[in-house]
Amino acid sequence: MTDKFQLPIYWKDHEDIAMGLYEKFGDEFGESQIYRIRFTELLEWVLEIPNFKGKREECNEGHLEMIQSQWVYEWRDNQK
């Protein structure tokens with residue numbers, strides 16, 4: 001995600017957000033730990049992702065749940 005020509009990322013871009021979180025944390029969190037991350041913490045981490053242009057007030061529980069699920073899929077893909 002170091003390409004300066006990347007497209008902006010918004011709340012609906014769950015897969016892109018998950019990839020950004022996996023790039024940041026790698027294998028620091030396993031599947032069960034990802035699902036136990038508090039939404040308040042997850043929200044802050046998402047806002048710190050490079051090229052993330054979504055606004056805090058646009059976030060909702062549905063987005064955060066989808067991000068967790070996609071992050072788990074990303075983690076699983078990288079365990080092969």
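None of these values were measured; they are calculated from a predicted model.
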Next item on the list: Apply side chain to side chain donor-acceptor pair (under 3.5 Å) to E48 and list each qualifying residue two or more places apart in sequence or on a separate chain.
Entry: K24
Next item on the list: To the nearest 0.5 angstrom, please state how far the OH atom of Y73 sits from the CD atom of Q68.
Entry: 12.0 Å
Item checked: Atom CD of Q79 with >12 non-hydrogen neighbours under 6.0 angstrom -> yes
Notebook entry, point to check: Can you tell me how far the NE2 atom of H14 sits from the CD1 atom of I67, to the nearest 0.5 Å?
Noted result: 5.5 Å
Margin query: Would R56 and E44 count as a salt bridge (charged side-chain N to carboxylate O under 4.0 Å, His left out) here? Give the steps.
Written below: CA-CA 9 Å; R56 180 184 300 271; E44 295 303 322; 2.5 Å; yes
Next item on the list: Enter the distance from K53:NZ to I9:CD1 here, rounded to the nearest 0.5 Å.
Entry: 9.0 Å
Notebook entry, point to check: Is the CD atom of E74 crowded by more than 12 outside heavy atoms at less than 6.0 Å?
Noted result: yes
Check: Is it the case that one hydrophobic cluster holds both L47 and L42, taking links as side-chain heavy atoms less than 4.5 Å apart, direct or via other members?
Finding: yes
Item checked: Counterpart residues, ring pair (Phe, Tyr, Trp, His ring centres under 6.0 Å), relative to F29 (two or more places apart) -> F25, W45, W71
Check: How many angstroms lie between atom CG of D13 and atom CD1 of I49, to the nearest 0.5 angstrom?
Finding: 10.5 Å
Notebook entry, point to check: Roughly how far, to the nearest 0.5 Å, is the NE2 atom of H63 from the CH2 atom of W11?
Noted result: 7.5 Å
Next item on the list: Would you indicate whether the side-chain heavy atoms of L43 and C59 approach each other to under 4.5 Å?
Entry: yes
Check: Any side-chain donor-acceptor pair under 3.5 Å between D27 and Y22?
Finding: yes
Notebook entry, point to check: Can you tell me how far CD of E15 sits from CE of M66, rounded to the nearest 0.5 angstrom?
Noted result: 10.0 Å
Item checked: Linked, directly or transitively: L21 and F39 (ILVMFWY side chains, under 4.5 Å) -> yes
